[in-house]
Every structure is written in C-alpha cells, then in structure tokens.
Undergrad: 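Quick one: this structure, given as structure tokens, is what I'll be asking you about.
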Amino acid sequence: MKISETHPFDLTPGEAVRLQEVLRDRVRLAGDVGEVSLVAGADASYARGSDEIHAVVVVLRYPDLAVVERVAASAGTQFPYIPGLLSFREGPALVEACRRLRSEPDVVFFDGQGIAHPRGLGIASHMGVLLDRPTVGVAKSLLTGTAAEPEAGRGSTAPILRDTETIGMAVRTKERTKPVYVSVGHRIALAQAVGLVLATTRGYRLPEPTRQAHLFANEVRRGAGGGGRQATLFSGGG
DNA sequence: GCGACAG
DNA sequence: ATCTTGTCGC
C-alpha cells in the first residue's frame with residue numbers, strides 16, 4: 001500500500017498536538033467507497049514495559065472474509081501512551097506495516113477513534129490522511145463524546161455526540177455485549193462505515209478485520225524475539 | 001483546581 | 001496495551 005505522505009514522528013507531545021491541529025483539516029468525512037472487495041484491519045501489540053511496537057495489517061476478501069494477506073512490522077518508540085496522542089506511539093510501526101502491504105484494500109479499520117477525538121484526528125483519521133485511503137476507527141471504548149446505550153438487538157446504534165454534533169456511532173455488533181464505537185477515519189461516510197463494521201462481524205464483538213489483526217499482532221509479538229519483519233501471503237483460496 | 005482519558 | 005485463573009452466564 002503506497003504511503004501518500006509522511007512527516008516526522010519524533011515529536012514532543014506539544015508538537016504532536018500542533019501537528020494534529022494542522023492535519024485535521026485534511027480529513028474527509030464523506031466519500032463513497034463503492035464496490036468493496038477487500039477490507040483490512042490494522043492493530044498493534046507490545047509487551048508491558050516495552051517500547052517495541054509490533055504492528056500488523058490483515059487483509060480480508062469481502063464479503064466472504066477469507067484472509068488474503070498479512071504483513072507485520074516492528075519499530076521502537078520513545079513516545080509514551082498519552083490519551084489523544086496514540087498515533088504518535090503506534091503510528092510509525094503501523095505506517096511501515098502498511099507500506100509492506102501488496103494489496104490495495106478498499107478500506108482499512110484501525111483500533112481506536114477516527115474523528116471522535118478531542119482534536120478530530122484519532123489514529124484512524126491520522127493514518128487515513130497519510131495513506132490517502134478510506135479508513136474507519138473501531139474503538140472498544142470512548143475517548144471523548146457521549147453516547148446513549150444502543151437497543152439490545154444486534155445492529156442497533158446510538159450516535160456519539162459532542163454537543164449537538166454526531167461524531168460517530170455506538171454499534172451493537174453482538175447481543176448482550178458492550179457496543180463498539182465507530183467513527184469516520186477518512187474518505188468514507190459514517191453510514192457506510194457502520195454498515196461495513198456490521199457486515200464484517202461474525203459472532204464476536206469485534207469485526208473480523210480488527211479481530212484477525214488483533215490475533216496476528218499478538219502472534220507476532222510472542223514470536224518476535226526482537227526481530228523486525230515478516231510477511232505472509234495467501235493466494236485466493238476460493 | 002479536579003476528574004477523564006482510544007491503546 | 002499487558003499481566004493473569006478461574007468462573008459466571010448465555
């Protein structure tokens with residue numbers, strides 16, 4: 001996957017905030033992804049006290065959700081986890097993993113917020129701008145904004161509000177389970193983002209692209225004796 | 001000033 | 001995010 005744009009990541013928290021305020025104006029909240037044939041999930045993993053980030057991207061064919069490609073990249077970081085600045089910690093490894101991808105997914109799901117962020121630039125939006133590709137934020141909890149509890153049934157939604165503005169959607173992907181929080185990353189409409197999350201969920205709380213990325217990231221970390229690269233490709237099995 | 005706070 | 005066994009509920 002081609003990286004459209006880049007910038008330094010070794011910034012101070014203050015510089016990172018200023019960069020977010022510049023990049024947020026580049027985010028596109030609309031866009032029709034059209035016919036979807038490949039959906040990717042990206043995630044990162046790391047050991048408790050470690051600053052070695054293991055990032056992965058897993059590409060699934062849509063709508064059958066067969067895994068078509070997996071790539072991983074590991075990178076050290078000095079940036080700590082600070083709420084609101086997650087992408088400055090996980091971003092470098094994620095960008096490198098994206099760069100190693102041969103596939104051109106129609107949309108990429110990231111673990112965390114899109115525009116449902118204090119400055120409108122969660123990790124999904126940030127990565128979307130750098131990749132210039134449609135991205136969606138799928139978070140397990142809220143960073144900012146409020147949302148009512150969606151109705152009990154799978155597929156129910158409730159808007160994530162910041163004042164009167166809808167910045168995302170709480171989505172019940174599985175009954176009797178806490179909802180996931182979906183927000184536009186870049187170049188996609190919220191309704192289509194929510195539709196894709198529901199269409200790629202199979203019996204678990206998290207959509208398959210995200211879930212598969214989660215599993216693979218842990219696999220990479222466990223087996224990464226400090227190494228850096230690995231990639232796995234699957235030819236179409238249909 | 002205090003509490004909240006993606007992963 | 002990670003550590004970490006069993007356990008209660010569907």
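Chain letters run A, B, ... following the sequence lines, proteins first and then strands; every chain starts at 1.
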Undergrad: Could you state the CZ-P distance from A:Arg48 to C:dT2, rounded to the nearest angstrom?
TA: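 So the CZ-P distance, A:Arg48 to C:dT2, works out to 12 Å.
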Undergrad: Whole angstrom is fine here: how far is it from CG in A:Asp111 over to P in C:dT2?
TA: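 Nearest whole value for this atom pair: 10 Å.
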Undergrad: Roughly how far apart are A:Leu143 CG and A:His117 NE2, rounded to 0.5 Å?
TA: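 One gets 6.0 Å once the value is rounded to the nearest 0.5 Å.
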Undergrad: How many Å lie between CD1 on A:Ile82 and C1' on B:dC5, as a whole number?
TA: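 Rounding to the nearest Å, CD1 of A:Ile82 and C1' of B:dC5 are 12 Å apart.
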Undergrad: Check this for me, if you would: do A:Asp51 and A:Arg89 make a salt bridge, where the nitrogen-to-carboxylate-oxygen distance has to be below 4.0 angstrom?
TA: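 Yes, charged N to carboxylate O under 4.0 Å.
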Undergrad: Whole Å only: how far is the CE atom of A:Met127 from the C1' atom of B:dG7?
TA: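 Roughly 13 Å, once rounded to whole Å.
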Undergrad: Within this structure, what is the CG-to-P distance between A:Leu206 and C:dA1, rounded to whole angstrom?
TA: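 So the two atoms are 9 Å apart, to the nearest Å.
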Undergrad: Starting at CG of A:Leu215 and ending at P of C:dA1, how long is that distance when rounded to a whole Å?
TA: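 These atoms are roughly 12 Å apart.
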Undergrad: So, OP1 or OP2 of C:dT2: does either fall under 4.0 Å of a side-chain N or O from A:Arg221?
TA: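 The answer is yes; a side-chain N or O of A:Arg221 sits under 4.0 Å from OP1 or OP2.
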Undergrad: Both A:Arg176 and A:Asn218 contact DNA chain C. Which one's nearest nucleotide lies toward the 5' end?
TA: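 It is A:Asn218, whose closest nucleotide lies nearer the 5' terminus.
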Undergrad: According to a strict under-4.0 Å criterion, is A:Lys174 in side-chain N/O contact with OP1 or OP2 of C:dC10?
TA: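 Answer no for this pair, as no side-chain N or O of A:Lys174 is under 4.0 Å from OP1 or OP2.
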Undergrad: State whether A:Lys140 and A:Asp111 are salt-bridged, where the test is any N-O pair (Lys NZ or Arg NE/NH1/NH2 against Asp/Glu carboxylate O) under 4.0 Å.
TA: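 Counted as a salt bridge, because a side-chain N and a carboxylate O are separated by less than 4.0 Å.
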Undergrad: Report yes or no: do A:Thr135 and A:His186 form a side-chain donor-acceptor pair below 3.5 Å?
TA: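 Note: A:Thr135 and A:His186 side chains miss the donor-acceptor criterion.
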Undergrad: Please confirm whether the shortest side-chain N or O distance from A:Thr144 to OP1 or OP2 of B:dA4 is below 4.0 Å.
TA: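 Answer no for this pair, as no side-chain N or O of A:Thr144 is under 4.0 Å from OP1 or OP2.
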Undergrad: Hey, does A:Gly137 reach any base, or is it just sugar-phosphate, or nothing, if we go heavy atoms under 4.0 Å?
TA: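 Nothing: the residue A:Gly137, judged by heavy atoms under 4.0 Å, touches no strand.
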Undergrad: Is A:Ile53 touching bases, backbone alone, or none of the nucleic acid, heavy atoms closer than 4.0 Å?
TA: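 Nothing, no nucleic acid heavy atom in range.
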Undergrad: Let me see the working for A:Glu149 and A:Lys178 under salt bridge (Lys or Arg N to Asp or Glu O under 4.0 Å), right down to the final yes or no.
TA: CA-CA 9 Å; A:Glu149 180 77 13; A:Lys178 187 172 155 36; over 6 Å; no
Undergrad: With a cut-off of less than 4.0 Å, is there a side-chain N or O of A:Lys140 near OP1 or OP2 of B:dG7?
TA: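 Checking B:dG7 against A:Lys140, a side-chain N or O does come within under 4.0 Å of OP1 or OP2.
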Undergrad: Would you indicate, yes or no, if C:dT2 has its OP1 or OP2 atom less than 4.0 angstrom from a side-chain nitrogen or oxygen of A:Arg222?
TA: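 False: A:Arg222 side-chain N/O out of range (4.0 Å or more) of C:dT2 OP1/OP2.
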Undergrad: Pick base, sugar-phosphate or nothing for A:His214, based on heavy-atom distances below 4.0 Å to the nucleic acid.
TA: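 If one applies the 4.0 Å heavy-atom cut-off, A:His214 turns out to touch the sugar-phosphate alone, with no base involved.
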Undergrad: Classify A:Ile123 by what it touches in the nucleic acid, base, sugar-phosphate, or nothing, heavy-atom distance under 4.0 Å.
TA: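 Counting heavy atoms under 4.0 Å across all strands, the contact made by A:Ile123 includes a base.
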Undergrad: Output yes when A:Glu165 and A:Arg162 qualify as a salt bridge under the 4.0 Å nitrogen-oxygen rule, no when they do not.
TA: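 Between A:Arg162 and A:Glu165 there is a salt bridge, with a charged N closer than 4.0 Å to a carboxylate O.
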Undergrad: Output the rounded distance in Å from CD (A:Glu52) to P (C:dA1).
TA: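 From A:Glu52 CD to C:dA1 P: 18 Å.
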Undergrad: Ring of A:Tyr46 versus six-membered ring of C:dA1: centres under 5.5 Å and planes under 30°?
TA: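 By the stated criterion, A:Tyr46 and C:dA1 do not stack.
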Undergrad: Measuring to OP1 and OP2 of C:dT2, would you say a side-chain N or O of A:Ser45 lies under 4.0 angstrom away?
TA: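 Looking at the OP1 and OP2 atoms of C:dT2, one of them is under 4.0 Å from a side-chain N or O of A:Ser45.
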Undergrad: For C:dA1, does OP1 or OP2 lie under 4.0 Å from any side-chain N or O of A:His54?
TA: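 No, no such contact exists.
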Undergrad: For A:Arg211 and B:dG7, give me the distance from atom CZ to atom P, rounded to whole Å.
TA: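 After rounding, the gap between these two atoms is 17 Å.
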